[in-house]
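All values below were derived from every heavy atom in this structure, side-chain atoms included, with hydrogens, water molecules and symmetry-related copies excluded. First the proteins, then the strands, lettered A, B, ... as listed; each starts at 1.
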Number of protein chains: 2
Amino acid sequence: MSDSIVSRRRAIALAGVGVAGVAGAAAVGGALVKGASAEEPHPVEGAVGFTGEHQAGIVTPAQDRLHFVAFDVITKDRERLVGMLKDWTTAAARMTAGRDAGEIGAVGGIPEAPPDDTGEALGLPPSALTITVGFGPTLFRDATGKDRFGIAARRPEALADLPHFAGDRLDEAISGGDLCVQACANDPQVAVHAIRNLARIGMGVVSVRWSQLGFGRTSSTSTTQATPRNLFGFKDGTSNLKLEETELLREHLWVQPGDGPEWMTGGSYLVSRKIRMIVETWDRSSLAEQEMIVGRRKGSGAPLGKTGEFEEPDLDARGADGEPVLAVNSHVRLAHPNTNGGARLLRRGYNFVDGSDGLGRLDAGLFFVAYQRDPRKQFVPIQRSLSRSDEMNEYLKPVSQALFACPPGVTGPVDFWGRALFS
Amino acid sequence: MSDSIVSRRRAIALAGVGVAGVAGAAAVGGALVKGASAEEPHPVEGAVGFTGEHQAGIVTPAQDRLHFVAFDVITKDRERLVGMLKDWTTAAARMTAGRDAGEIGAVGGIPEAPPDDTGEALGLPPSALTITVGFGPTLFRDATGKDRFGIAARRPEALADLPHFAGDRLDEAISGGDLCVQACANDPQVAVHAIRNLARIGMGVVSVRWSQLGFGRTSSTSTTQATPRNLFGFKDGTSNLKLEETELLREHLWVQPGDGPEWMTGGSYLVSRKIRMIVETWDRSSLAEQEMIVGRRKGSGAPLGKTGEFEEPDLDARGADGEPVLAVNSHVRLAHPNTNGGARLLRRGYNFVDGSDGLGRLDAGLFFVAYQRDPRKQFVPIQRSLSRSDEMNEYLKPVSQALFACPPGVTGPVDFWGRALFS
């Protein structure tokens, strides 16, 4: 019987490469999708290139589904941590190409070993999977101030602990984390498979702190994508930074030489916030009130006073009654770059529904994800302004927050996530 | 300003019909997808017919995504309950055709009223949405034995409370329910939108008891569909009942005349079980052990001792060592009709990941959904056998269970869900 098991395993390993492998191999060897021509920037089933100057999954046209995980590092051994980051990089390169994380049941040829891939994505295409890794403040120095892995001196100043924002009732158990992995794909089974296999590979080194599924994207990160809707029913992310805006990305998204420690050059800072939306209350408010709070039309997404979604909001316009067309505390006004010293974000959030809340309501909302060059100059001032004044806050309940430094991309076969940080 | 709001509302209402409406109207007026030709039984973006002898969403080729909700009825007023069921039916007919649940902001022409649709599915295609309704045992008689709505005498005997199964640690807060709604679609935003709008319409009549998102189907209900994989990485539902097996469906799925109260003829009984899968432990077991427990090959899905996925398992086969090829406590053997007096189910489950469990692991598993003619003769004996002996139980943790009587389909514009039950 062991003969047939071994041959089955080989067959599975081959099957795991199968259809997906063809598309994957082509993409890995060829141009990166993020830098590719505008004609096909969003392969629904194909592969997104893994290597490059920046990590994929940031300006990559936002895929439809998300599985995000934050890990605690449970080892004290720096070498084990570095070894895991190398193993993760290898597995991620395989999985984003549509392959298995490792050969199923073929670890060093030992027939009775557990499979090196969990199997649930066998036969599925790459589905534009991207895997993006970040390092949390606590990886550099723990709560007691201890330099856990000899990298405390390399902690960027931009990776400063986030301040408390008015109205936040954060659950520490689902906030923060030493490491994060954002897996985005057009098939949720592919995103879940990626996170699960990285957790499996990290056994004994990391432990899942919290994880979040997002079922629908709420932002576009490319001019080729239609603007999706959040659970308030409004188009979201119309004025988001987009991959085509190369100059703006340099100014607002990517860490530049001289910004801080060299290992972060080409990287970006990720802020996540899980924001429960009290949709039942929102649904009882009138359309006029909803549009006043958002500052946009619900149907078209046009800023109030304009007719097209992509028209610039006019912050100075006043109606016949002399009142501002865009209310002083409307979301669009408060989040607008002109209200925030020009600060902008690349948002990449997802809608979530996590069952119900035990009070007869859906536990639904937005898992906000934003990338930026320096949170101290971008997310923090914008959120401070929103948390103080946004009329929308009446319907929002932020429950989780985290900050991670996402290093630059992996540039070739000997490179790995965090190489410059740990070298 | 109120003028422009009104016209915007009209524009939105029209937009809500938009692209989706075209496909939807055609399907509603034409043949039901469940009875349609085999060439296109699974419209990824199109509409599934709403009316028919049976409710859609049972033999409809299983869509990729699920939002399931159980409600408590919080009114004592039978007329309000019946009124809501009528409103639900109307809204469901619109939504499954790709339209909004009601016109946005146009309730009786009152400009300042809340919108009659929440908006997040505006512009999205019907996405094969089906909405399936069921009545729980507690709708007929509450825990104190009270006949709440004058229908206790109409409770089918087949809707008997489910027994306790070995190993179950059910959480009452996410079990049971007076009413259920299963929304399946190929776009999760469309499924969530449907549930949310029915909850909104039911405000004051029902309250959300629990809800569950499923990100990936784990069963095929048509011979035209490839068998998907569960989170153990195995193909699941290979020998499921399928829509093409008309004779078997009559015998095992649809309630027949004389089975019980006439209002259930053409209906079916739904059992749901939320089963946490301890994937971290499973992933540490060898491929040989996994395949022995399941009784199938991980790669091909073939029963042990066979080479093709759809070959019949040979329960009598013995290996060279004289031991059964299919272990006595393997899942395939214990669930096989021959082990259960011929009993079969139509399974329609979904994979879920609900974040993490606070112990460093993903909170992941299977939201099992099965339809049948009589749970006392089908689900109960099969589950009793599995709960006692299945080797897989070591990796399973059932946390929720519910049973609902799903009435037959709505047959025309004056019909509504539960009409025969409440008339």
Side-chain angles (χ1 to χ4, degrees), chain A residues 1-2 5 8-9 11-12 15 65 67 72 104-105 111-115 118-120 122 173-174 188-189 192 195-196 199-200 203 207-213 215-216 229-231 233-234 279-280 283-288 291 297-300 319 351 353-356 358 360-362 364, chain B residues 1-2 5 8-9 11-12 15 65 67 72 104-105 111-115 118-120 122 173-174 188-189 192 195-196 199-200 203 207-213 215-216 229-231 233-234 279-280 283-288 291 297-300 319 351 353-356 358 360-362 364:
Chain A
M1 193 160 163
S2 69
I5 290 171
R8 168 56 49 205
R9 281 172 177 159
I12 297 173
R65 325 286 169 221
H67 191 184
D72 292 323
I104 290 194
E112 297 305 318
T118 56
E120 71 270 24
L122 278 180
I174 55 168
Q189 183 108 342
V192 166
I195 293 295
R196 177 201 186 166
R200 183 183 55 73
M203 210 174 283
S207 170
V208 172
R209 181 177 175 86
W210 53 271
S211 101
Q212 181 66 50
L213 245 63
F215 67 77
R229 290 178 185 271
N230 62 27
L231 292 184
F234 278 76
V279 294
E280 292 80 3
D283 291 345
R284 282 196 294 257
S285 64
S286 71
L287 181 63
E291 293 185 335
R297 294 297 181 200
K298 195 163 192 172
S300 63
N351 296 322
V353 174
D354 288 354
S356 57
R361 303 178 300 197
L362 297 176
Chain B
M1 192 160 165
S2 69
I5 290 172
R8 167 57 47 203
R9 280 172 176 161
I12 298 173
R65 325 283 170 223
H67 191 186
D72 292 324
I104 290 195
E112 297 306 317
T118 55
E120 71 271 24
L122 278 180
I174 55 168
Q189 182 110 342
V192 165
I195 294 294
R196 178 201 185 165
R200 181 183 56 73
M203 209 173 281
S207 169
V208 172
R209 181 177 175 85
W210 54 270
S211 102
Q212 182 66 49
L213 245 62
F215 67 78
R229 291 178 184 271
N230 62 29
L231 291 185
F234 278 76
V279 294
E280 292 79 3
D283 291 345
R284 281 195 294 257
S285 64
S286 72
L287 181 63
E291 292 185 337
R297 294 296 181 201
K298 195 162 191 173
S300 64
N351 296 323
V353 174
D354 288 354
S356 57
R361 303 178 301 197
L362 296 176

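Contact count against chain B (heavy-atom pairs under 4.5 Å) is highest for G233(A) among G233(A), G358(A), G216(A), A364(A). Between chain B and the options N351(A), D354(A), L213(A), the largest number of non-hydrogen pairs under 4.5 Å is found for L213(A).
Counting only distance, with no hydrogens or angles, the side chain of E280(B) and the backbone of M203(A) share no donor-acceptor pair below 3.5 Å.
In terms of heavy atoms, S207(B) sits closest to G360(A) at OG-CA, 3.1 Å. Considering every non-hydrogen atom in both P114(B) and D283(A), the closest pair reads CB-O, 3.3 Å. The shortest heavy-atom contact between R65(B) and R65(A) is NE-NE, 4.4 Å. Taking both residues in full, the closest heavy atoms of P115(B) and S286(A) are given as CD-C, 4.2 Å, listed atom of the first, atom of the second, then distance. Taking each heavy atom of Q189(B) and N230(A) in turn, the nearest pair found is NE2-O, 4.5 Å. The shortest heavy-atom contact between S356(B) and S211(A) is OG-N, 3.8 Å.
The CG atom of L231(B) sits 6.0 Å away from the CZ atom of R196(A) when rounded to the nearest 0.5 Å. Here the CZ-CG distance, from R200(A) to L362(B), works out to 12.5 Å after rounding to the nearest 0.5 Å. The distance from atom CD of E120(A) to atom NZ of K298(B), rounded to the nearest 0.5 Å, is 7.5 Å.
Within the 4.5 angstrom heavy-atom criterion, no atom of D72(A) approaches chain B. Heavy atoms of V353(B) lying under 4.5 Å from chain A belong to its backbone as well as its side chain. In this structure, the portion of S285(B) lying under 4.5 Å from any heavy atom of chain A is its backbone and not its side chain. Only the backbone of R209(A) has a heavy atom closer than 4.5 Å to any heavy atom of chain B.
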